[in-house]
Amino acid sequence: MKNKNDIKKSINEIECNNNMGPNQDNSYSETIELINNFSNISVFLAYNANVDGIKFFKDGREVEELINHFDIEEIIETMEKYPRKIKSPVDFIARLIHCMENGKPAEIPIVEDESLNNWFNRIKYDEERIGGQVGIISNLLSLLNLKRIIAYTPLLSKKQSEMFNDSDNLLYPVVIDGKLFLKKPKEAYREEDPLKINRIFEYKQNLEFFLGEKKITTPHANRLIVASRPDKLRIEIGEDLKKKLPEIGEIVDCAILSGYQGIKERYSDGKDDHYYIKRAREDIDLLKRNKDIKIHLEFASIQSKRLRKMIVDNIIPKVDSLGMDETEIANVINVMGYGDFSNIILKNSRIEDVVYASKILLEEHDNLEIVQVHTLYYIMCLCRKDNLLSEGELEKTLDLATILAGTKAKLGKISNIEDLKEGAKIPYNKHEGIFKKVIRDLRKSPEYRDYKIALVPSRLVKNPKSTVGLGDTISSGAFIGYVSMLRDKIINKNNYG
Ligand code: AMP
């Protein structure tokens with residue numbers, strides 16, 4: 001028998017199924033209702049966090065001051081050599097000027113060298129903040145009332161630990177005398193762990209400076225990232241803690257895994273990417289050993305096709321949920337053998353193609369339950385018809401994601417739940433009408449008879465204060481919303497048949 005709440009819920013479902021997307025006026029209250037339920041959810045996060053040190057070049061004089069430390073001829077010669085690794089300060093300045101001249105983004109690894117590191121440390125950074133998916137997601141979720149976030153990252157230096165929110169629900173797992181303990185990150189750091197720091201050099205459009213006689217004007221705003229890749233950093237869970245993964249699996253409802261893009265092809269001790277991918281698969285089995293928790297893989301941009309294929313072939317077949325952006329799904333489909341279709345997605349950016357690519361993923365991987373893709377203009381997810389959530393409910397989870405992203409873009413960061421009011425005020429972007437039609441047609445098409453499609457337009461902020469980590473914010477918000485709603489559904493089903 002249904003109780004009053006269930007009937008109210010059913011009415012809600014019917015309304016949401018008929019109208020695409022949640023009613024914008026109700027967005028904030030519905031989001032708060034959804035977030036209130038997060039207090040029953042615990043999540044495990046692994047593997048990547050780092051510190052981002054950001055320097056903004058506000059005018060050309062600042063670039064010239066930096067250039068003055070070097071011999072102009074040497075800079076020009078080095079620019080011609082186009083170093084692919086930063087081995088010295090001149091390699092850096094050469095690549096920075098190159099990047100500024102073209103206005104294109106670049107990320108270059110820095111070799112491990114103490115004096116070079118010290119040189120970079122002497123630069124005055126405008127801002128330092130937590131980076132890496134685990135870093136970004138754990139700080140976000142700690143504000144959203146989750147019961148417990150167990151955030152693991154292989155390295156935990158003092159500085160890194162201090163960048164995690166000091167919140168009672170955000171904990172780092174440690175093993176002492178064979179026992180599992182959960183501690184605040186700032187109480188769990190290891191003195192000997194190196195710091196993974198990405199130095200980010202951002203510049204505006206039309207920044208003007210001279211390199212010797214040559215005047216350079218930046219054609220676009222963009223950034224150069226000097227990425228540290230300490231050899232000691234291995235994307236894995238150490239033996240002691242690995243043994244405790246079944247125990248961790250028992251005390252959480254779900255896990256978000258990310259950071260595989262940081263696996264190198266080979267390490268100084270001869271270990272290679274195959275070794276770490278194999279271990280990553282074992283971690284998932286161990287987490288699920290005692291309880292069938294939902295596992296989300298957050299895909300990231302991966303330059304190496306070899307590594308991307310290894311992740312697609314070995315990790316995707318082990319997870320329940322997959323999140324990524326449009327370029328990433330095209331890249332995933334590419335290594336699955338759909339090269340032409342992948343190019344079409346990248347070229348045309350059509351919703352129909354993104355939905356179809358998601359369907360390919362669900363068809364080829366029975367283990368996958370939900371595929372979520374975000375683009376600048378919308379957030380969508382696809383799952384099978386027998387999913388317990390209705391399309392309207394799925395859209396509520398996606399709407400939460402748009403509010404989180406909109407808030408972060410508008411304010412630069414989310415400091416508390418109240419901030420989400422700002423995100424909820426941002427209207428859906430102007431393509432809402434077209435999206436409604438496309439989704440309505442897709443839902444009617446026989447091709448999707450066995451699927452549920454949910455889509456919510458993004459709440460686009462015109463001049464965002466920050467775009468760093470928006471994708472991770474969207475995916476983790478939508479996934480936790482999904483797990484939370486699913487949990488309620490299962491409890492209700494068990495109670496009322
Ligand atoms: P990613 O490509 O994974 O970093 O994800 C970026 C996502 O952030 C996009 O797909 C959009 O949904 C969202 N986003 C980017 N810029 C804005 C903006 N200015 N306002 C609101 N959302 C944005």
Side-chain angles (χ1 to χ4, degrees), residues 21 24 27 31 48 50 52 54 105 107 129-137 140 198 200 202 220-223 225 256-262 296-303 308 311 321-332 345-346 349-351 353-355 357-358 371-382 395 397-414 419-432 435 454-479 481:
Q24 177 143 19
S27 280
T31 293
N48 55 331
N50 59 266
D52 284 338
I54 305 153
E107 177 165 338
R129 64 177 173 220
I130 200 157
Q133 285 142 319
V134 167
I136 291 164
I137 296 172
L140 168 77
N198 285 341
I200 305 176
E202 296 211 21
H220 305 285
N222 230 315
R223 67 193 169 39
I225 301 179
I256 300 177
L257 302 179
S258 58
Y260 303 109
Q261 67 273 17
H296 174 89
L297 166 63
E298 184 56 22
F299 216 87
S301 142
I302 303 171
Q303 302 295 323
R308 196 190 314 143
I311 295 166
S321 164
L322 183 59
M324 64 215 136
D325 69 18
E326 188 182 40
T327 312
E328 285 151 9
I329 195 167
N331 290 339
V332 166
I345 298 176
L346 292 174
S349 276
R350 287 173 70 233
I351 299 182
D353 295 336
V354 168
V355 176
S358 309
V371 174
Q372 176 264 111
V373 185
H374 47 271
T375 75
L376 194 55
Y377 296 107
Y378 64 86
I379 301 164
M380 66 77 53
C381 68
L382 188 75
E395 279 168 357
T397 69
L398 301 183
D399 199 35
L400 161 70
T402 67
I403 292 178
L404 292 172
T407 309
K408 191 159 176 172
K410 188 171 176 184
L411 305 179
K413 65 174 188 175
I414 303 173
D419 282 352
L420 301 185
K421 262 190 196 149
E422 291 303 314
K425 272 193 232 154
I426 306 164
Y428 294 136
N429 69 68
K430 62 179 184 196
H431 304 297
E432 186 184 357
F435 294 156
L455 184 142
V456 174
S458 64
R459 298 164 187 272
L460 261 190
V461 175
K462 210 161 172 219
N463 293 309
K465 281 228 174 98
S466 162
T467 57
V468 181
L470 285 185
D472 305 331
T473 302
I474 289 169
S475 288
S476 55
F479 175 65

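When a ligand or atom number is given, it counts from 1 through the structure's own listing order.
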Exercise for review: For residues Arg223 and Ile54, determine if any side-chain heavy atom of one lies less than 4.5 Å from a side-chain heavy atom of the other.
Suggested key: no
Practice item. For atom 4 (O) of ligand 1, find the nearest protein heavy atom and state the residue, atom name and distance (0.1 Å precision). Key: Gly471 N, 3.8 Å
Revision key, fill the gap. Note: ligand 1 atoms sitting under 4.0 Å from heavy atoms of Asp325 are 1 (P), 2 (O), 3 (O)
Check your understanding: Asn429 side chain to Leu460 main-chain N or O, any donor-acceptor pair under 3.5 Å?
Key -> no
Review point. Looking only at N/O atoms, are Asp472 and ligand 1 under 3.5 Å apart anywhere?
Key: no
Exercise for review: Decide yes or no on side chain to side chain contact (heavy atoms under 4.5 Å, CB included) for Tyr428 and Asp399, but give the supporting numbers first.
Suggested key: CA-CA 10 Å; Tyr428 294 136; Asp399 199 35; 2.9 Å; yes
Exercise for review: Measure from atom 11 (C) of ligand 1 to every heavy atom in Val468, Thr473, Leu470, Thr375 and give the option owning the shortest one.
Suggested key: Thr375
Practice item. Measure the distance from atom 16 (N) of ligand 1 to every protein heavy atom, then report the residue, atom name and distance (to 0.1 Å) of the closest one. Key: Leu376 CD1, 3.4 Å
Point to revise | Protein heavy-atom partner closest to atom 7 (C) of ligand 1 - residue, atom, separation in Å | key: Ile474 CD1, 3.8 Å
Practice item. State the atoms of ligand 1, each with its element, that fall below the 4.0 Å cut-off from a heavy-atom position in Arg459. Key: 20 (N), 21 (C)
**Study point:** Any N or O of Val461 closer than 3.5 Å to N or O of ligand 1
**Key:** yes
Exercise for review: Start with the C-alpha distance between Ile136 and Leu140, add both sets of side-chain angles, then the distance that settles side chain to side chain contact (heavy atoms under 4.5 Å, CB included), and finish with yes or no.
Suggested key: CA-CA 6 Å; Ile136 291 164; Leu140 168 77; 5.6 Å; no
Point to revise | Derivation and outcome, side chain to side chain contact (heavy atoms under 4.5 Å, CB included), residues Leu411 and Glu422 | key: CA-CA 8 Å; Leu411 305 179; Glu422 291 303 314; 4.2 Å; yes
**Study point:** Protein contact of atom 3 (O) of ligand 1 - nearest heavy atom, named by residue and atom, plus distance
**Key:** His374 NE2, 3.0 Å
Practice item. Would you check if the side chain of His374 reaches a backbone N or O of Met324 as a donor-acceptor pair within less than 3.5 Å? Key: yes
Review point. Does any N or O in the side chain of Thr473 come within less than 3.5 Å of the main-chain N or O of Ala405, such that one atom is a donor and the other an acceptor?
Key: no
